[in-house]
Amino acid sequence: MGRIKVAPSLLAADFSKLAQEIKKVEEAGAEWLHLDVMDGVFVPNISFGPCVISCLRGISEMYFDVHLMITEPIRYIEDYKKAGADGITVHYEACSDVRATLTAIRELGVRAGLSVKPDTPVSEIEEYLPLCDTVLIMTVEPGFGGQKLIARTVSKIGEVRALLQKHGLSAEIEADGGISAANVSELISEGLTVAVAGSAVFRAEDPTAAVAAISGVE
Ligand code: DX5
Ligand code: ZN
């Protein structure tokens, strides 16, 4: 099995020492840093915004994978680009104009991602796949870290892979929520290319071993 990318979710870090926490996962071998932005409207929780991300940009070279769990994200895309996002992922369910939102992200030179919640069928985003650099399958209800992966979401990864193949497209296939070394192999066999992992990396005794195990290296 090939090695996939691991994107530790900063939500599981100790917020009193973010710089040290980021260094820790960078040294552990993670390529992407997953940054969960929540507005208290699209999801019932509030996290952090562009000011925090822009401070972190100064201390890390990692790929900043910004996951916007906010209503009408098109309003803030430029702010997150300025803050240092390498990729911006928006929710299908949060956009009144998905096409315009993904196009606006790409026009800023940022990689565009589209995410679906557990109950949203992948067929609903088929028409937007040509505008996606990343497709993010939520494997938990968005809003909180530390939840258990919802088993029925796993086959959606394979469905995305099939749709991308059908249209001759290539995009990263990312999953988010409740992922650990114990369950990642079934996601990898469905076609996963990027695994988001919060608790499983930041709370690990040995983060290097955790990143290696989640990336599919035995
Ligand atoms: C949930 C977030 C996830 C979450 C992942 O809304 O999008 O990124 O923090 O954390 P774990 O891996 O702990 O489920
Ligand atoms: Zn996330």
Side-chain angles (χ1 to χ4, degrees), residues 4-15 18 21-22 24-25 28 30-50 52-53 56 62-71 73 76 80 85-94 105 111-120 132-154 156-157 172-188 192-205 207 209-211 213-216:
I4 63 160
K5 285 192 268 289
V6 178
S9 162
L10 195 65
L11 206 56
D14 179 342
F15 280 22
L18 288 177
E21 290 280 84
I22 292 171
K24 176 174 91 178
V25 296
E31 294 98 332
W32 284 21
L33 184 68
H34 186 79
L35 298 151
D36 286 305
V37 174
M38 304 178 177
D39 67 353
V41 178
F42 180 67
V43 288
N45 195 8
I46 295 176
S47 56
F48 48 79
V52 171
I53 294 174
L56 300 176
M62 291 175 88
Y63 178 96
F64 276 14
D65 176 36
V66 176
H67 178 194
L68 296 182
M69 285 162 276
I70 68 176
T71 301
Y76 291 103
Y80 287 96
D86 295 296
I88 296 178
T89 295
V90 297
H91 268 269
Y92 165 72
E93 304 87 355
I105 297 172
R111 288 161 61 93
L114 187 60
S115 182
V116 285
K117 299 208 284 182
D119 288 332
T120 304
C132 295
D133 299 296
T134 303
V135 179
L136 175 60
I137 299 297
M138 289 307 300
T139 41
V140 299
E141 286 298 338
F144 301 92
Q147 304 182 73
K148 193 175 173 294
L149 180 139
I150 302 169
R152 64 184 159 78
T153 61
V154 171
K156 292 167 80 179
I157 295 166
E172 299 283 1
I173 307 177
E174 186 177 22
D176 183 6
I179 300 174
S180 69
N183 59 21
V184 75
S185 55
E186 50 171 331
L187 312 191
I188 296 176
L192 193 74
T193 66
V194 185
V196 176
S199 339
V201 173
F202 278 103
R203 310 275 162 90
E205 238 171 76
V211 169
I214 295 165
S215 72

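Numbering of ligands and ligand atoms starts at 1, following listing order. Values reported hereafter were calculated over all heavy atoms of this structure, with side chains retained and with hydrogens, waters and symmetry mates removed.
Among Thr89, Leu136, Asp176, the residue whose heavy atom lies closest to atom 8 (O) of ligand 1 is Asp176.
Looking at Asp176, its N, O or S atom nearest to the Zn ion (ligand 2) turns out to be OD2. Restricting His67 to its N/O/S atoms, the shortest distance to the Zn ion (ligand 2) is reached by ND1. Minimum-distance N/O/S atom of Asp36 relative to the Zn ion (ligand 2): OD1.
The protein heavy atom nearest to atom 1 (C) of ligand 1 is Phe144 O, 3.6 Å. Looking from atom 9 (O) of ligand 1 to the surrounding protein, the closest heavy atom is Ser9 OG, 3.1 Å. Distance from atom 13 (O) of ligand 1 to its nearest protein heavy atom, with residue and atom name: Ser199 OG, 2.4 Å. Here the heavy atom of the protein found nearest to atom 6 (O) of ligand 1 is Gly143 N, 2.7 Å. For atom 12 (O) of ligand 1, the nearest non-hydrogen atom of the protein is Gly198 N, 2.7 Å.
Residue-ligand proximity, Pro142 to ligand 1, at heavy-atom distances under 4.0 Å covers atoms 6 (O). Close approach to Leu11 involves these atoms of ligand 1, each under 4.0 Å from a residue heavy atom: 9 (O). Within ligand 1, counting atoms from 1 as listed, the ones closer than 4.0 Å to a heavy atom of Met38 are 6 (O). Set against the non-hydrogen atoms of His67, the atoms of ligand 1 under 4.0 Å away are 7 (O). Interface of His34 with ligand 1, defined as ligand atoms under 4.0 Å from a residue heavy atom, comprises 8 (O). Near Met69, meaning under 4.0 Å from one of its heavy atoms, ligand 1 places the atoms 6 (O), 7 (O).
Between the CG atom in Leu68 and the OH atom in Tyr80 there is a gap of 6.0 Å [rounded to 0.5 Å]. Note that the OG1 atom of Thr120 and the NZ atom of Lys156 stand 6.0 Å from one another [nearest 0.5 Å]. Atom OH of Tyr92 is separated from atom SG of Cys132 by 12.0 Å, given to the nearest 0.5 angstrom. Here the CD1-OG distance, from Ile137 to Ser115, works out to 7.0 Å after rounding to the nearest 0.5 Å.
Of the possible polar contacts, none joining the Thr89 side chain to the Leu114 backbone as a donor-acceptor pair under 3.5 Å is found. At distances below 3.5 Å, not a single donor-acceptor pair connects side-chain atoms of Glu174 with backbone N or O atoms of Val194. Between the side chain of Glu93 and the backbone N or O of Lys117, at least one donor-acceptor pair lies under 3.5 Å. Looking at Gln147, its side chain does come within 3.5 Å of a backbone N or O of Glu141 through a donor-acceptor pair.
Other residues, nucleotides and ligands contribute over 12 non-hydrogen atoms within 6.0 Å of the CZ atom of Phe48.
Note on ligand 1: Ala197 sits in its first shell, one or more heavy atoms being nearer than 4.0 Å. A heavy-atom separation below 4.0 Å is found between Gly177 and ligand 1.
Between Glu31 and Tyr63, every side-chain heavy-atom pair lies at or beyond the 4.5 Å cut-off. Val41 places none of its side-chain heavy atoms less than 4.5 Å from the side chain of Ile70.
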TODO: Step by step, work out the side chain to side chain donor-acceptor pair (under 3.5 Å) result for His67 and Asp65.
DONE: CA-CA 6 Å; His67 178 194; Asp65 176 36; over 6 Å; no

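Polar contact check, Gly178 against ligand 1: a nitrogen or oxygen pair lies under 3.5 Å apart. Checked against a 3.5 angstrom limit, the closest N/O atoms of Gly146 and ligand 1 fall inside it.
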